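Here is the structure we will look at, set down as structure tokens.
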Amino acid sequence: MSLTLFAVLLLVLFGVLQMSWRLLVRIWNTPAAVARWRERRQLTRARDALQAGLLALAEGQWPQAEKALLSHLRHSESPFLNYLGAAIAAQQSDQPDKRDEFLALAHAHAPEDSLALPLLQAQLQILAHQRERALATLNQVRTHAPRHPQALRLLLDLHRTLHDWQSVIALLPEARTARALPPAALDRIESESRLALLSLDLPAGSASILQ
């Protein structure tokens, strides 16, 4: 065999071996590539489901919102948000047991030290007229964040609803410091509370209450 023919055959053999190697590598990597494709597809579906659920919530379509938020949940990047949305939908559908179930599941996926969950829980309890439970939830928030503006706003509204004017007056200094509401709004609440206190009947001999 001439040297030229040998060189040509060697190049052809090298090319065949290289193509065979690439083919083997591609075949070997196919399962991983398919898995990555499936994962991307599942993530896309989960994001689309979250978006659809949030839009349904905004439109007041509670059953559709709950269904969308719970679909593809296993692949969601933020199951905390899915469960929070599902809890809102359950509350608006007058299903407090399901609401509490979703809140418990949200708690299991909540970011560390996040107050979003207990604050939302308190608002849902207020909507359900579970005022004592809402008070307990908000007081728990206050142990971690004594001057959280939203917690103070909710507590002021709750105590006003309960006509607990003494508690409203006690909260006002902290609400002013935290700027929970504009000063004019807090002034109106203070006037309302003090007038309500002055209108209460006084038990006989209660000089301290009169003071």
Side-chain angles (χ1 to χ4, degrees), residues 53-62 65-66 80-81 83-104 106-107 110-211:
L54 294 177
L55 288 174
L57 274 183
E59 295 172 2
Q61 299 176 354
W62 316 126
E66 181 181 328
F80 175 67
L81 295 179
Y83 283 124
L84 284 186
I88 294 172
Q91 171 63 53
Q92 297 293 354
S93 299
D94 196 22
Q95 300 182 76
D97 291 338
K98 287 182 70 175
R99 176 205 67 194
D100 292 340
E101 177 186 348
F102 293 142
L103 287 173
H107 179 74
E112 189 175 353
D113 299 328
S114 172
L115 295 177
L117 176 58
L119 287 170
L120 176 63
Q121 182 176 351
Q123 293 177 72
L124 295 179
Q125 289 167 339
I126 291 170
L127 284 174
H129 304 290
Q130 298 172 327
R131 298 186 179 98
E132 295 301 322
R133 293 178 64 180
L135 275 175
T137 302
L138 289 170
N139 285 327
Q140 184 180 7
V141 171
R142 296 245 300 153
T143 61
H144 299 286
R147 294 181 179 175
H148 194 286
Q150 177 67 349
L152 289 167
R153 282 191 290 268
L154 292 173
L155 278 171
L156 284 172
D157 286 342
L158 194 51
H159 286 307
R160 290 169 69 197
T161 301
L162 295 170
H163 293 175
D164 185 357
W165 307 112
Q166 292 282 12
S167 294
V168 173
I169 295 295
L171 280 173
L172 281 171
E174 293 178 69
R176 292 186 188 280
T177 302
R179 298 180 181 178
L181 289 168
L186 293 172
D187 289 341
R188 286 194 297 271
I189 293 173
E190 183 169 8
S191 298
E192 171 194 35
S193 303
R194 295 197 183 280
L195 287 171
L197 284 173
L198 288 172
S199 69
L200 295 177
D201 293 333
L202 294 177
S206 300
S208 60
I209 295 178
L210 178 60
Q211 181 64 37

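Note that this is a predicted model, so its numbers are computed, not measured. FYI, the numbering just counts along the sequence from 1.
Sorted by first then second residue, the salt bridge (Lys or Arg N to Asp or Glu O under 4.0 Å) pairs that include residues 121-130, not counting sequence neighbours, number zero. Residue pairs that meet the salt bridge (Lys or Arg N to Asp or Glu O under 4.0 Å) test with at least one member in residues 155-174, sequence neighbours left out, are Arg142-Glu174, Asp157-Arg160, Arg160-Glu192. Within the structure, salt bridge (Lys or Arg N to Asp or Glu O under 4.0 Å) pairs that include any residue of residues 126-136 comprise Asp100-Arg133 (at least two apart or interchain). Within the structure, the ring pair (Phe, Tyr, Trp, His ring centres under 6.0 Å) test picks out the following pairs touching residues 151-197 (sequence neighbours left out): His163-Trp165.
With sequence neighbours left out, the side chain to side chain donor-acceptor pair (under 3.5 Å) criterion links Arg188 to no other residue. By the salt bridge (Lys or Arg N to Asp or Glu O under 4.0 Å) test, Arg179 pairs with no residue at all, sequence neighbours left out. Shown here are the side chain to side chain donor-acceptor pair (under 3.5 Å) partners of Glu59, two or more places apart in sequence or in another chain: Gln61. Partners of Trp62 under the ring-ring contact (aromatic ring centres under 6.0 Å, His included) rule, at least two apart in sequence or in another chain, do not exist in this structure. Asp187 meets the side chain to side chain donor-acceptor pair (under 3.5 Å) test with Arg176; sequence neighbours excluded. Taking Ala145 as the reference, Leu115, His148 meet the side-chain contact (heavy atoms from CB on, under 4.5 Å) condition, with sequence neighbours excluded.
Here the CZ-CG distance, from Arg153 to Leu158, works out to 14.5 Å after rounding to the nearest 0.5 Å. Taken to the nearest 0.5 Å, the CG atom of Leu138 stands 9.0 Å off from the CD atom of Gln150. Rounded to the nearest 0.5 Å, atoms OG (Ser193) and CG (Leu172) are 6.0 Å apart.
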Contacts under 3.5 angstrom, residues 85-97 side chains, donor-acceptor by atom type, not counting sequence neighbours:
residue, atom, partner, partner atom, Å
Gln91, OE1, Arg99, NH1, 2.7
Ser93, OG, Ala89, O, 3.0

Just distance, no hydrogens or angles: give the donor-acceptor pairs under 3.5 Å from side chains in residues 119-128, sequence neighbours left out.
residue, atom, partner, partner atom, Å
Gln123, NE2, Leu119, O, 3.3
Gln125, OE1, Ala134, N, 3.4
Gln125, OE1, Thr137, OG1, 2.9

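Listed here is the closest heavy atom pair of Leu152 and Ala180: CB-CB, 4.1 Å. Considering all non-hydrogen atoms of both residues, Leu84 and Ala106 come closest at CD2-CB, 4.1 Å.
Residues Val141 and Leu154 have side chains not in contact (no heavy-atom distance under 4.5 Å, counting atoms from C-beta outward). Taking 4.5 Å as the limit, some side-chain heavy atom of Leu186 sits within range of a side-chain heavy atom of Leu156.
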